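Heads up: the structure comes next, in structure tokens.
These numbers were taken from a predicted model, which means no experiment stands behind them.
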Amino acid sequence: MPTLYVSIDLADVRFEQNMYGVVYRSDVLDREGLVPLYKQVAGLVRDQIERGQLQAGDPVPSEATLEKEYDIARTTARRVARELREQGLAYTVQGEGTFVGPPSAPRSSKTMPIYQKIAGEVA
């Protein structure tokens, strides 16, 4: 199946700040349109990656964050991560989350589990 990319005119889009930086408001989604919501949200996250707001190794907003920020169902948020993986923009580590870039990209130190931070300090 061909990949569908979503292009949105940003001239009239309002932004909000959250823990991941600037994100689009949920009211920019076309809930009645032909493009599925998960593809729209994946397109917005892809825009953040292309603008450098999310860089290789940074965590992609969690399913819970996407669910809250864009007022979407958890299954829709899960499909966003899958779409980003299929586009080669992200990878998922079970139990840790989805991260920007290829699996070989080093993850940001802020995403390192606490037990690894402690082990590094002790060693």
Side-chain angles (χ1 to χ4, degrees):
M1 185 160 104
T3 302
L4 175 65
Y5 292 98
V6 178
S7 206
I8 297 175
D9 181 14
L10 300 178
D12 297 319
V13 176
R14 294 178 295 164
F15 299 95
E16 288 184 349
Q17 183 79 24
N18 76 359
M19 65 188 276
Y20 293 101
V22 177
V23 296
Y24 300 96
R25 292 174 45 121
S26 63
D27 57 359
V28 302
L29 299 177
D30 182 5
R31 296 177 185 280
E32 303 299 322
L34 297 176
V35 178
L37 287 176
Y38 77 92
K39 287 195 178 278
Q40 293 181 53
V41 175
L44 296 173
V45 175
R46 186 182 67 247
D47 288 345
Q48 289 180 319
I49 293 168
E50 290 172 354
R51 284 195 316 275
Q53 291 175 316
L54 291 174
Q55 298 182 357
D58 285 348
V60 171
S62 69
E63 291 175 5
T65 300
L66 292 173
E67 183 180 5
K68 181 179 177 187
E69 292 291 331
Y70 297 106
D71 192 27
I72 57 176
R74 181 63 65 107
T75 54
T76 303
R78 192 167 293 132
R79 290 187 75 181
V80 169
R82 182 172 47 183
E83 181 73 11
L84 293 170
R85 284 193 308 270
E86 289 174 358
Q87 292 178 14
L89 296 172
Y91 66 97
T92 300
V93 177
Q94 187 172 358
E96 293 185 35
T98 301
F99 301 90
V100 175
S104 61
R107 285 183 273 162
S108 302
S109 60
K110 63 184 174 188
T111 62
M112 185 183 300
I114 190 70
Y115 69 87
Q116 288 180 348
K117 290 180 184 177
I118 294 170
E121 292 172 3
V122 171

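Atom CD of Gln87 sits about 12.5 Å away from atom CZ of Arg82, to the nearest 0.5 Å. In this structure, OG1 on Thr75 lies 9.5 Å from CD on Glu63, to the nearest 0.5 angstrom. Taken to the nearest 0.5 Å, the OG1 atom of Thr98 stands 12.0 Å off from the CG atom of Leu89. Interatomic distance, CG of Leu29 versus CD1 of Ile72, reported as 7.5 Å (0.5 Å rounding). Atoms CD and CG, on Glu86 and Leu84 in that order, are 9.5 Å from each other to the nearest 0.5 Å.
When atom types are taken as modelled, the side chain of Gln55 and the backbone of Ile49 share no donor-acceptor pair closer than 3.5 angstrom. Not one N or O on the side chain of Glu67 forms a donor-acceptor pair closer than 3.5 Å with the backbone of Ala77.
Using a 4.0 Å cut-off between charged nitrogen and carboxylate oxygen, Glu83 and Arg79 do not count as a salt-bridge pair.
Between Arg31 and Tyr70, the shortest heavy-atom distance links the atoms NH2-O, 2.6 Å. Residue Pro61 comes nearest to Thr65 through the heavy atom pair CB-CG2, 4.0 Å, listed as atom of the first residue, atom of the second, then distance. Nearest heavy atom pair, residue Val80 against residue Tyr38, reads CG2-O, 3.6 Å. Val100 and Ala105 get closest at one heavy-atom pair: O-CB, 4.4 Å. Leu54 approaches Pro59 most closely through the heavy-atom pair CD2-O, 3.8 Å. Closest of all the heavy-atom pairs between Thr92 and Arg85 is OG1-NH1, 2.8 Å.
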Audit row: Arg78, Thr76, side chain to side chain contact (heavy atoms under 4.5 Å, CB included) steps and yes/no:
CA-CA 5 Å; Arg78 192 167 293 132; Thr76 303; over 6 Å; no

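Between Val93 and Phe99 there is a side-chain heavy-atom pair separated by less than 4.5 Å.
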